[in-house]
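Working notes for the structure below.
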Amino acid sequence: MGVRGLDLDERKRKILKAIIRNYLETGEPVGSRTISKYTDLNLSSATIRNEMADLEELGYIIQPHTSAGRIPSDKGYRLYVDDMMQEKEREVIGREKEVEEMKEFLIEKVDKVELLLQQMAKLLAENTNYATMITSPQYNKNKVKFIQLSRVEVGKLLVVVVIDGNIVRNTILDVEEELSDETLLQLNMLCNTSLNGLSLNEINLGVIAKLKEQAGIHKGIVGSVLDAVAEAITADDDLEIYTSGATNIFRYPELSDQEKAKNLIGAFEEKELLTNLVQEYKDGNQGIQVYIGSETPVQMMKDCSVVTATYELEEGVKGTIGIIGPKRMDYDKVVTTLKTLTTQLDNIYKKT
């Protein structure tokens, strides 16, 4: 849980969890009388009102202007999710009926990965009643095989980067200085000696600093070459994103007003926006990630919660599964489903 929730004693924590669970079930603001029936604390409504006032002051719950009841804030949801994720680490995963159905579905494994991912997105949307997205697997350990710098015209350099799989990426650089053939040869040798055989993760600050130092007055050109290399390695030209269940958001009143629904549907139709959700595994964030409200990398989804998980088909070949729903989504069910699904995918493909 880290430092979150250290300002809450056990009683406040139980009351907060009761408010959140009740709101997850009903979608209605929660009053003290409801909580007095809901908890095992045997507290009066007056005592619970005082505790709820403290929780509101601490920023864990808020009072909508239309009601005397309270609803969880993003901070409240975050504490609830962090506690739940800790509990999940201690649980045996895979108890739900839907998960068992998913397991059987995966074991039947269709021949084409693309078809499997499309069907999986649809199945997830049907099982959770949320919107879902799944990316095609990407090779996350591409290494530089060769770099070639050549002059195409005055003030223009062509950078050719060849990466694993003999994938070729070309970039044109604008250069202010005129480079001699000898200088170009030296820069080619320097870049290839320093970078060949390295993945993006291995091209660290130390490698970059040493390369720029050796380049001397040409360090600006080397910096641009490094940018071209990074873009070549991480290029997502072939990234496919399969989505399903976007209209499920209309099931939840807090997301179904015209403007919010339009934004969410628009975000689902924009590949560029969705790719912002799937960069986390490339940045070293493995496993389950939960984004609540404004934490999401896509601001058009700031009224939602997004849960993502990384799957791996073989060493270094990874993709992302995402589930998008209201902040009051059933986090327990979503996390359980994603944990089981990614484990099954990993097992099935690593065995074949």
Side-chain angles (χ1 to χ4, degrees), residues 1-39 41 43 45-88 128-131 249 251-257 259-261 263-264 267 277 280 288-308 322-335:
M1 185 185 68
V3 297
R4 294 189 181 98
L6 293 181
D7 48 359
L8 297 186
D9 57 31
E10 191 61 26
R11 188 161 77 180
K12 284 187 177 64
R13 190 180 290 267
K14 282 189 175 182
I15 290 172
L16 175 62
K17 286 185 177 180
I19 292 170
I20 293 176
R21 285 177 182 144
N22 193 273
Y23 186 65
L24 294 184
E25 291 170 8
T26 67
E28 297 292 332
V30 184
S32 57
R33 185 172 298 177
T34 302
I35 297 303
S36 67
K37 299 172 184 174
Y38 201 86
T39 68
L41 294 175
L43 298 174
S45 290
T47 302
I48 291 174
R49 274 196 300 274
N50 290 334
E51 294 285 20
M52 288 174 70
D54 289 346
L55 286 168
E56 185 173 6
E57 189 175 334
L58 291 166
Y60 289 99
I61 56 177
I62 54 178
Q63 182 175 20
H65 62 275
T66 55
S67 168
R70 307 295 198 279
I71 65 173
S73 66
D74 288 5
K75 181 179 178 181
Y77 280 124
R78 171 50 60 195
L79 178 63
Y80 177 82
V81 168
D82 286 351
D83 282 355
M84 184 207 67
M85 295 292 279
Q86 279 197 338
E87 291 170 9
K88 286 285 171 199
T128 62
N129 288 326
Y130 304 131
I249 62 176
R251 295 170 180 263
Y252 306 98
E254 63 266 44
L255 298 179
S256 62
D257 76 60
E259 191 62 29
K260 288 180 181 177
N263 284 340
L264 285 169
L277 287 176
E280 300 306 311
I288 306 281
Q289 300 290 317
V290 180
Y291 304 97
I292 298 168
S294 57
E295 295 173 354
T296 175
V298 179
Q299 280 309 294
M300 289 169 77
M301 294 181 178
K302 63 182 172 55
D303 295 309
C304 301
S305 281
V306 180
V307 184
T308 64
I323 295 181
I324 299 96
K327 293 179 189 176
R328 61 183 178 95
M329 71 161 54
D330 188 340
Y331 295 99
D332 192 316
K333 178 179 178 180
V334 167
V335 171

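Note on Arg78 versus Asp74: no salt bridge recorded, every NZ/NE/NH1/NH2 to OD/OE distance being 4.0 Å or above. A salt bridge links Glu254 with Arg328: the closest approach of a Lys/Arg side-chain nitrogen to an acidic carboxylate oxygen falls below 4.0 angstrom.
Here the straight-line distance linking atom CG of Leu16 with atom CE of Met52 works out to 10.0 Å at 0.5 Å rounding. Tyr80 OH to Ile19 CD1: the interatomic distance, rounded to the nearest 0.5 Å, is 12.5 Å. Note: Ile61 CD1 to Ile71 CD1 = 10.0 Å, rounded to the nearest 0.5 Å. Here CE of Met301 is found 9.0 Å from CD1 of Ile249. Values are rounded to the nearest 0.5 Å. Distance check, rounded to the nearest 0.5 Å: CD1 of Ile324 to OG1 of Thr308 gives 9.5 Å. Between the CD1 atom in Ile62 and the CZ atom in Arg70 there is a gap of 10.5 Å [rounded to 0.5 Å].
Put simply, the side chain of Leu8 reaches to within 4.5 Å of the side chain of Leu55, judged on heavy atoms. Between Tyr77 and Val290 there is no side-chain heavy-atom pair separated by less than 4.5 Å. Looking only at side-chain heavy atoms (C-beta outward), Cys304 and Leu255 come within less than 4.5 Å of each other.
In terms of heavy-atom proximity, Ser294 sits nearest to Gln299 at O-NE2, 3.6 Å. Pro29 and Pro64 get closest at one heavy-atom pair: CG-CG, 4.1 Å. Nearest heavy atom pair, residue Thr128 against residue Tyr252, reads O-OH, 4.3 Å. Taking each heavy atom of Ile15 and Glu51 in turn, the nearest pair found is CD1-CB, 3.6 Å. Here the closest non-hydrogen pair linking Tyr331 and Ser305 is OH-OG, 2.7 Å. Nearest approach of Tyr23 to Pro72, heavy atoms of both residues: CD2-CD, 3.4 Å.
Remark: of the listed residues Asp54, Ile48, Leu43, Leu43 is the sole one forming a side chain to side chain contact (heavy atoms under 4.5 Å, CB included) with Arg11. With Asp83 as the fixed residue, the salt bridge (Lys or Arg N to Asp or Glu O under 4.0 Å) test singles out one of Arg21, Lys14, Lys17: Lys17.
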* Could you please spell out the steps behind the side chain to side chain contact (heavy atoms under 4.5 Å, CB included) verdict for Leu24 and Asp330? => CA-CA 7 Å; Leu24 294 184; Asp330 188 340; 5.9 Å; no

* Asked: Between Glu28 and Thr34, is a side chain to side chain contact (heavy atoms under 4.5 Å, CB included) present by the stated rule, with each step listed?
  -> CA-CA 11 Å; Glu28 297 292 332; Thr34 302; over 6 Å; no

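Around NZ of Lys302, the count of heavy atoms belonging to other residues, nucleotides or ligands within 6.0 Å does not exceed 12.
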